[in-house]
Each structure stands twice: as C-alpha cells, then as structure tokens.
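Structure first, then comments.
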Amino acid sequence: MTAEAPPALVLTYGRLIPVTVHFDDLDALGLLHNARYPLLVERAWTELWQDKGIRFEGDWAAAGDACNAVKELRITYEAPVTRTGDYAVHLWLDRLGTTGLTYGFRFCSADGTVTYARGSRVLVRLDAATLRPAPWSDAFRAAARELLRPDA
C-alpha cells in the first residue's frame, strides 16, 4: 500500500505568488521575523502589478496607479515559519473603490495548503502633485477586477 499525495490546492480567486525566505529574514529564535511578513507580501504585490504593467520607476508623476499609500495594515500570525526556503503569498482584492482598495493576503506554503499568516491592507491611490486621493485608472480597475474575491 502506498500513501497518496494530498490533493493540490485549487485557487478559486486571486493569485499565488512564490516568495523566498532567506536566513537573514529569521529572528534570533530562528523564526521568520514578524516585520518580514508584510515585506514579503509587498514584494509579491509588486511582482503581480509589474506583470500587469503597473510599476514605479522613479517618477511619481508618471507612476499613475503605482502612486498610492497604505492607510491600514492588519495581520494575524497563525503558525511560525521555522526555516528558510520557498513559500508563497496568496493575494486577492476584497474591495475595489473609486480611490481606494482593500486586499487580502495569506502567507503560506509554496503549494498554498498551509497558512502561516493572513491579513488585509487598505491602499489609497494618490494624485502625485497634491498627495490627495485620486481615482484609479480604467486600465487598473480592469486588471484589479480579475483579483476580486467572488463573495466580496
């Protein structure tokens, strides 16, 4: 009798982006430092948006939808990450407003089956000249809709 592999996770919304935990991401106890989770999530979002043509290249006026700021960050740690290696971040949108959005995330195993942390973050699109809220572009909204959680 042979053991069967667990079924692969099938995402019904969002995207699973690979990330790597390095030795210098660990704290003195050998755990992924709590401040590294949001950093790794940010890197995953940056990769996802760059794949969709949305990027910051040093010019805020030209950045368009990449000119945004964090309004709120919430994170809950569910299980410790105790070693370096390959992991993933599951990303999705919970809300897409006129000038803001709320995204959800899970820091998880590379295959998405084990969750180590989960949370949400609120972003506000900014006008580069005034730093006041500004509407997302139509192109951004179209790309973002693909990431909306169905029950959001």
Closest approach of [X] to [Y] (non-hydrogen atoms, all atoms of both residues):
X    : Y    : answer
A117 : T115 : O-CG2, 3.5 Å
V89  : A44  : CB-CB, 3.8 Å
P133 : L126 : N-CD2, 4.2 Å
Y77  : N34  : OH-O, 2.9 Å

Applied to residues 71-83, the salt bridge (Lys or Arg N to Asp or Glu O under 4.0 Å) test, sequence neighbours excluded, yields E72-R74, E78-R118
Summary of salt bridge (Lys or Arg N to Asp or Glu O under 4.0 Å) pairs that have at least one residue in residues 18-33, sequence neighbours excluded: D25-R36
Can you sort out the partners of [X] under side-chain contact (heavy atoms from CB on, under 4.5 Å), two or more places apart, ordered by chain and number?
X    : value
P80  : L31, T82
D86  : T20, A110
R132 : T130

By salt bridge (Lys or Arg N to Asp or Glu O under 4.0 Å) - contacts of E146 (at least two apart): K52
Show me the side-chain donor-acceptor pairs of residues 9-17 shorter than 3.5 Å, one per line, residues at least two apart or across chains.
none

ILVMFWY clustering at 4.5 Å (side-chain atoms), partners of L39: none
Kindly give the cluster partners of V122, where membership spreads through any ILVMFWY side chain lying under 4.5 Å from a current member. none
Would [X] end up clustered with [Y] when hydrophobic side chains under 4.5 Å apart are linked, directly or stepwise?
X   : Y    : value
L26 : V114 : yes
W92 : V19  : no
L48 : V70  : yes

V21 vs L40, side-chain contact (heavy atoms from CB on, under 4.5 Å): CA-CA, chis, key distance, verdict: CA-CA 8 Å; V21 172; L40 291 165; 4.1 Å; yes
Just by distance, do the side chain of Y37 and the backbone of F107 share a donor-acceptor pair under 3.5 Å? no
Mark yes or no for whether R106, through its side chain, and G112, through its backbone, hold a donor-acceptor pair below 3.5 Å. yes
Summary of ring pair (Phe, Tyr, Trp, His ring centres under 6.0 Å) pairs that have at least one residue in residues 125-145, sequence neighbours excluded: W49-F140, W136-F140
Solution key, residues 55-67 side-chain donor-acceptor pairs under 3.5 Å, sequence neighbours excluded:
residue: R55; atom: NH2; partner: Q50; partner atom: O; Å: 3.0
residue: D59; atom: OD1; partner: A61; partner atom: N; Å: 3.0
residue: D59; atom: OD1; partner: A62; partner atom: N; Å: 3.4
residue: D65; atom: OD1; partner: R125; partner atom: NE; Å: 3.2
residue: D65; atom: OD1; partner: S137; partner atom: N; Å: 3.0
residue: D65; atom: OD2; partner: S137; partner atom: OG; Å: 2.5

Nearest 0.5 Å, please: how far is [atom2] in [Y] from [atom1] in [X]?
X    : Y    : atom1 : atom2 : value
R149 : L93  : CZ    : CG    : 10.5 Å
Y87  : L32  : OH    : CG    : 8.0 Å
R145 : L96  : CZ    : CG    : 6.5 Å
D94  : D151 : CG    : CG    : 8.0 Å
S120 : F105 : OG    : CZ    : 7.0 Å

Run N68 and L101 through side-chain contact (heavy atoms from CB on, under 4.5 Å) and show every step you take. CA-CA 10 Å; N68 57 66; L101 61 81; over 6 Å; no
In chain order, what residues pass the side-chain hydrogen bond (donor to acceptor under 3.5 Å, both in side chains) check against T98, with sequence neighbours excluded?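 Counting only residues at least two positions away or on another chain, T98 forms no side-chain hydrogen bond (donor to acceptor under 3.5 Å, both in side chains).
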Between L147 and L91, is there a side-chain heavy-atom distance shorter than 4.5 Å? no
